[in-house]
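Note: hydrogens, waters and symmetry copies are ignored here, and every other heavy atom, side chains too, is used.
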Amino acid sequence: MGSTGFRHDHSHHHAVQFYSTDQSLIRTVAGFLSEGLAAGQPALVVATPAHRVAIAEALMRRGADPQQALRTGDLIVLDAEATLDLFIVDGAPDPALFEENVGRLVEQALNGRDTVVVRAYGEMVDVLWKQGRPDAAIQLEMLWNKLARKYSFALLCGYAMGSFYKQTHRLDEVIAQHTTVIPHDTDAGRFAALRR
């Protein structure tokens, strides 16, 4: 296991972090991505504007060069809402459009390197959840898992814990779609209380 809890010998790893502060999320994401970039693994980030900026700054603090990685194609950064617009039809993810658009992004990150694992961080599911569309978010998690049968990637999802305080019964549905839950140290107590 690496310091972010991701196995390096597994072609598909789908983790989730439930976070209470942006800082705890950004620390995890930057650690996950910088470890991969240092190991020659390309990275795909699909996030909100504020998080994209914070992730880039945190990567630089860890010694990574996000601008160089963007130029070489080892880092692809996209807007979460704009990416959702590519495959959401009538309020739900369309499986064919998801595979066409997101699969293309994973292929682009791989750039013909079949033995390389892409590290992807996404918060499209969190955007959907905050929009009051939890069913669409869970469907999207399922589509990521299906896509993992075709491509080698390690995926980290981020969900704001505040989204679940009124929907604690849905928490286990989200967890069931992931191989690992990464509660950050500062959020562990809140997460345990939320699950109770």
Side-chain angles (χ1 to χ4, degrees), residues 2 4-17 25-26 28-49 51-52 55-56 58-59 64-89 92-129 136-159 174 176-180 182:
T4 54
F6 281 82
R7 293 171 53 119
H8 298 287
D9 60 345
H10 195 280
S11 61
H12 173 59
H13 196 86
H14 188 178
V16 60
Q17 179 172 353
L25 174 69
I26 298 305
T28 300
V29 174
F32 168 61
L33 296 176
S34 63
E35 284 176 9
L37 289 168
Q41 297 173 329
L44 172 62
V45 175
V46 186
T48 60
H51 285 170
R52 293 196 312 268
I55 290 166
L59 285 172
D65 186 344
Q67 291 304 319
Q68 175 65 17
L70 283 165
R71 282 192 294 275
T72 62
D74 281 337
L75 176 61
I76 298 169
V77 180
L78 300 161
D79 180 75
E81 289 194 27
T83 305
L84 280 168
D85 288 343
L86 298 174
F87 59 82
I88 296 289
V89 177
D94 178 274
L97 288 174
F98 173 81
E99 183 162 346
E100 176 186 329
N101 288 285
V102 178
R104 176 182 48 81
L105 294 170
V106 175
E107 277 184 15
Q108 182 182 340
L110 285 168
N111 194 21
R113 299 172 287 185
D114 294 336
T115 59
V116 172
V117 174
V118 174
R119 292 203 180 201
Y121 166 68
E123 52 192 37
M124 293 184 289
V125 287
D126 193 36
V127 168
L128 289 171
W129 207 280
I138 291 168
Q139 290 167 17
L140 180 51
E141 296 283 16
M142 292 176 178
L143 291 176
W144 274 110
N145 286 331
K146 184 178 176 188
L147 193 66
R149 297 181 201 143
K150 188 172 179 180
Y151 300 104
S152 293
F153 59 82
L155 175 63
L156 171 62
C157 301
Y159 282 90
V174 174
Q177 297 303 318
H178 297 84
T179 59
T180 305
I182 306 175

Tell me the closest heavy-atom pair linking [X] and [Y], and the distance in Å.
X      : Y      : result
Tyr159 : Val174 : CE1-CG1, 3.5 Å
Trp129 : Ala137 : CE3-CB, 3.6 Å
Leu59  : Ala30  : CD2-O, 3.7 Å
Pro93  : Ala136 : CG-O, 3.6 Å
Pro42  : Val116 : CD-CG1, 3.1 Å
Val117 : Ala154 : CG1-N, 3.7 Å

Let me have the donor-acceptor pairs involving side chains of residues 101-109, under 3.5 Å, with sequence neighbours excluded, atom names and distances please.
| unit_1 | atom_1 | unit_2 | atom_2 | d |
| --- | --- | --- | --- | --- |
| Asn101 | ND2 | Leu86 | O | 3.4 |
| Asn101 | ND2 | Leu97 | O | 2.8 |
| Glu107 | OE2 | Tyr151 | OH | 2.6 |

Review point. Is the backbone N or O of Thr48 less than 3.5 Å from a side-chain atom of Glu123, with the two atoms forming a donor-acceptor pair by type?
Key: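 Checking the backbone N and O of Thr48 against the side chain of Glu123, a donor-acceptor pair under 3.5 Å is found.
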Review point. Does Phe32 offer a backbone N or O that forms a donor-acceptor pair with the side chain of Arg119 under 3.5 Å?
Key: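 Such a contact is found between Arg119 side chain and Phe32 backbone.
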Test side-chain hydrogen bond (donor to acceptor under 3.5 Å, both in side chains) applied to [X] - qualifying residues, sequence neighbours left out:
X      : answer
Gln177 : Asn145
Lys150 : Glu99
Asp94  : none

Check your understanding: Excluding sequence neighbours, so at least two apart, what forms side chain to side chain contact (heavy atoms under 4.5 Å, CB included) with Leu84?
Key ->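 Leu84 satisfies side chain to side chain contact (heavy atoms under 4.5 Å, CB included) with Phe87, Ile88, Met124, Val127, Leu128, Leu140 once adjacent residues are dropped.
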Exercise for review: Check side chain to side chain contact (heavy atoms under 4.5 Å, CB included) between Arg149 and all other residues, then give those that pass, not counting sequence neighbours.
Suggested key: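 For Arg149, the residues satisfying side chain to side chain contact (heavy atoms under 4.5 Å, CB included) (neighbours in sequence not counted) are Lys146.
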Supply the atom-to-atom distance [X] [atom1] to [Y] [atom2], rounded to the nearest 0.5 angstrom.
X      : Y      : atom1 : atom2 : value
Ile138 : Leu143 : CD1   : CG    : 12.5 Å
Leu110 : Gln41  : CG    : CD    : 10.5 Å
Leu155 : Thr179 : CG    : OG1   : 9.0 Å

Review point. What pairs with Tyr121 under ring-ring contact (aromatic ring centres under 6.0 Å, His included), at least two apart in sequence or on another chain?
Key: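 With neighbours one apart ignored, the set is empty.
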Exercise for review: Please list, chain by chain and in numerical order, all residues satisfying ring-ring contact (aromatic ring centres under 6.0 Å, His included) with His51, sequence neighbours excluded.
Suggested key: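 None.
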Exercise for review: Take His178 and Glu141 through the side chain to side chain contact (heavy atoms under 4.5 Å, CB included) test and state the conclusion after the steps.
Suggested key: CA-CA 8 Å; His178 297 84; Glu141 296 283 16; 3.1 Å; yes
Review point. By salt bridge (charged side-chain N to carboxylate O under 4.0 Å, His left out), which residues pair with Asp79, not counting sequence neighbours?
Key: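 With sequence neighbours excluded, Asp79 shows a salt bridge (charged side-chain N to carboxylate O under 4.0 Å, His left out) to Arg52, given in chain and number order.
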Check your understanding: Does CD belonging to Gln139 count more than 12 external heavy atoms closer than 6.0 Å?
Key ->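 Yes - once you tally the heavy atoms of other residues, nucleotides and ligands closer than 6.0 Å, there are more than 12.
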Review point. When you look at CG of Asp85, are more than 12 heavy atoms from neighbouring residues, nucleotides or ligands closer to it than 6.0 Å?
Key: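 Yes, enclosed.
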Check your understanding: Under 4.5 Å between any side-chain heavy atoms of Leu156 and Ile182, yes or no?
Key ->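 Contact flag for Leu156/Ile182 side chains = yes.
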Practice item. Under the side chain to side chain contact (heavy atoms under 4.5 Å, CB included) rule, what do Leu44 and Leu78 come out as? Steps first, then yes or no, please. Key: CA-CA 8 Å; Leu44 172 62; Leu78 300 161; 4.1 Å; yes
